[in-house]
**Student:** 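Once you've had a glance at the structure underneath, I'll fire off some questions.
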Amino acid sequence: MNLLVGEARGSAAPRALLALEDGTVFAGYAAGAEGETFGEIVFNTSMTGYQEIVTDPSYAGQIVVLTYPQIGNYGVAAAVAQAGQAHLRGLVVRDLCRTPSNWTSEGGLREMLAAAGIVSIEGVDTRALTLDIRDNGAMRAAISTTDLDPEHLVARVSASEPISAHNYVADVSGGVAAVAPEGKAVAHVVAYDCGEKTGIAQGLAREGIDVTAVAWDTPADEALTAVPGGADGVFFSNGPGDPEQVATTAEAARALLGRVPVFGICLGNQILSRAAGATIEKLPFGHHGGNEPVMNLLTGRVEITAQNHNYGLRWDDALGPLVSELSAGETDHHADDLRFWSGRHIAPVAMTRELGRVRLTHVNLNDGTPEGIQFLDVPAFSVQYHPEACPGPHDSSYLFRAFARLLADPKSTDYLAIDFAEGRRF
């Protein structure tokens, strides 16, 4: 067991321990509610946007480490929250600001965490902790202000439930607030709310898309009739946990593909990929942050993206063989590193067993994992990252416009070929 002692300057808060299942223990101080919490620990590299992270429903079941050293300096405000409440299991920071200052601030993060019952710890060497997670992967962990015996707490972590054993989507579905588009709506779609962020609802509304949310386990026919006269399209949202836990949603997606235009984000990408027959894998430590480079293979543009996921599809033989004439003559998926395709600006196409051709559209340039797919024989596409940001850069906001273009012309296949830099001043 490795015990690392932290400090929080001037802190009179109760002492706290953070224990990981690999035996590493960090000592620090309570920074939110007192008590204890168990969950899967991940790190997020965003420098700002801590309130959006804390209120992102996709973090249900997880303890989040923020790598930026000082957190909370500009306070919190209701307008930027991504859900009505915090869903993460716990928060780990180096230093939590006690005197936030910003003209938009309505309070402090410390007080928000305490009021929400989120057990948190500060005074931790988040650099050492991040390296541990990067080397050993996301793992079970606990924060406690009541069990300060390192060996005992580690043993309890090892006996705790893994994140894959619980359906966290069922816990967070149904919390997204409706956002009406300004002016006349161009389309009315149904959103499968698996933990949808407010920023996504706002992104759809900005493109004139009116949205009716339904629960994660709504049957396909019921979803389409949730809109009077029938839905023009369907959206599958982000959400927490293991996609294997939402097989019901994947079944609905399979039934909907080909009937109306479909768009998926994050968990929605995994759901549509499962419907197409793809294998879903758990990444070693996932992608969590606002600085992931992704290439759009259709335009060659590189987007700096906001991401939050531990799972993703594999672009390999399970999806189907490559259509060589649409893949520059290639027959090998190059599944272990898809930067083969980004380096050549080729968007390869696989032939699935049931849904026809599927094109790889986006690739992560850090690790060569797939970040987006487009169905060519049914009107549908999805991405693994977050075009709404919240927090993060807005390079990918064009994807909401792409969905609007697909809704307007379901037979189109070039709706994703949007140069997000067009018209910008640098």
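As the structure is a computational prediction, the values presented were derived from the model and not from experiment.
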**Student:** For the pair T249 (side chain) and W216 (backbone), establish whether a donor and an acceptor sit closer than 3.5 Å, ignoring hydrogens and angles.
**Tutor:**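 Checking the backbone N and O of W216 against the side chain of T249, a donor-acceptor pair under 3.5 Å is found.
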**Student:** Say whether, by atom type as modelled, one donor and one acceptor occur between the side chain of Y311 and the main chain of C266 under 3.5 angstrom.
**Tutor:**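 Answer holds: no.
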**Student:** Are any of the side-chain nitrogens in E40 or R89 under 4.0 Å away from the carboxylate oxygens of its partner?
**Tutor:**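 Here E40 does not pair with R89 in a salt bridge, since their nearest N and O are not under 4.0 Å apart.
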**Student:** Taking NZ, NE, NH1 and NH2 as the nitrogens, is one of them in D377 or R359 under 4.0 Å from a carboxylate oxygen of the other?
**Tutor:**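 No, no charged N to carboxylate O under 4.0 Å.
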**Student:** Among T369, N364, T45, which residue meets the side-chain contact (heavy atoms from CB on, under 4.5 Å) test with E292?
**Tutor:**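 Answer to the side-chain contact (heavy atoms from CB on, under 4.5 Å) test with E292 among T369, N364, T45: N364.
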**Student:** Determine whether a donor-acceptor pair (N or O, by modelled atom type, separation under 3.5 Å) exists between the side chain of W341 and the backbone of H333.
**Tutor:**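 A pair under 3.5 Å: yes.
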**Student:** Counting only heavy atoms not in E325 (residues, nucleotides, ligands), do more than 12 fall under 6.0 Å from its CD?
**Tutor:**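 Yes, CD of E325 has more than 12 neighbouring heavy atoms, counting only those of other groups under 6.0 Å.
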**Student:** Identify which one of F263, F400, F381 satisfies the ring-ring contact (aromatic ring centres under 6.0 Å, His included) criterion when paired with F235.
**Tutor:**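 For F235, the ring-ring contact (aromatic ring centres under 6.0 Å, His included) test succeeds with only one of F263, F400, F381, which is F263.
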**Student:** Using a strict 4.0 Å threshold on nitrogen-to-oxygen distance, state whether D409 and K411 make a salt bridge.
**Tutor:**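 The answer is no: the pair does not qualify as a salt bridge.
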**Student:** Decide side-chain contact (heavy atoms from CB on, under 4.5 Å) for D242 and I163; before the verdict, give the C-alpha distance in whole Å, the side-chain angles of both, and the deciding distance to 0.1 Å.
**Tutor:** CA-CA 7 Å; D242 188 340; I163 196 168; 5.9 Å; no
**Student:** Test: side chain to side chain donor-acceptor pair (under 3.5 Å). Region: residues 192-206. Which pairs qualify, not counting sequence neighbours?
**Tutor:**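 Those involving residues 192-206 are K197-E388.
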**Student:** Any salt bridge between E122 and R110, counting N to O under 4.0 Å?
**Tutor:**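 A salt bridge links E122 with R110.
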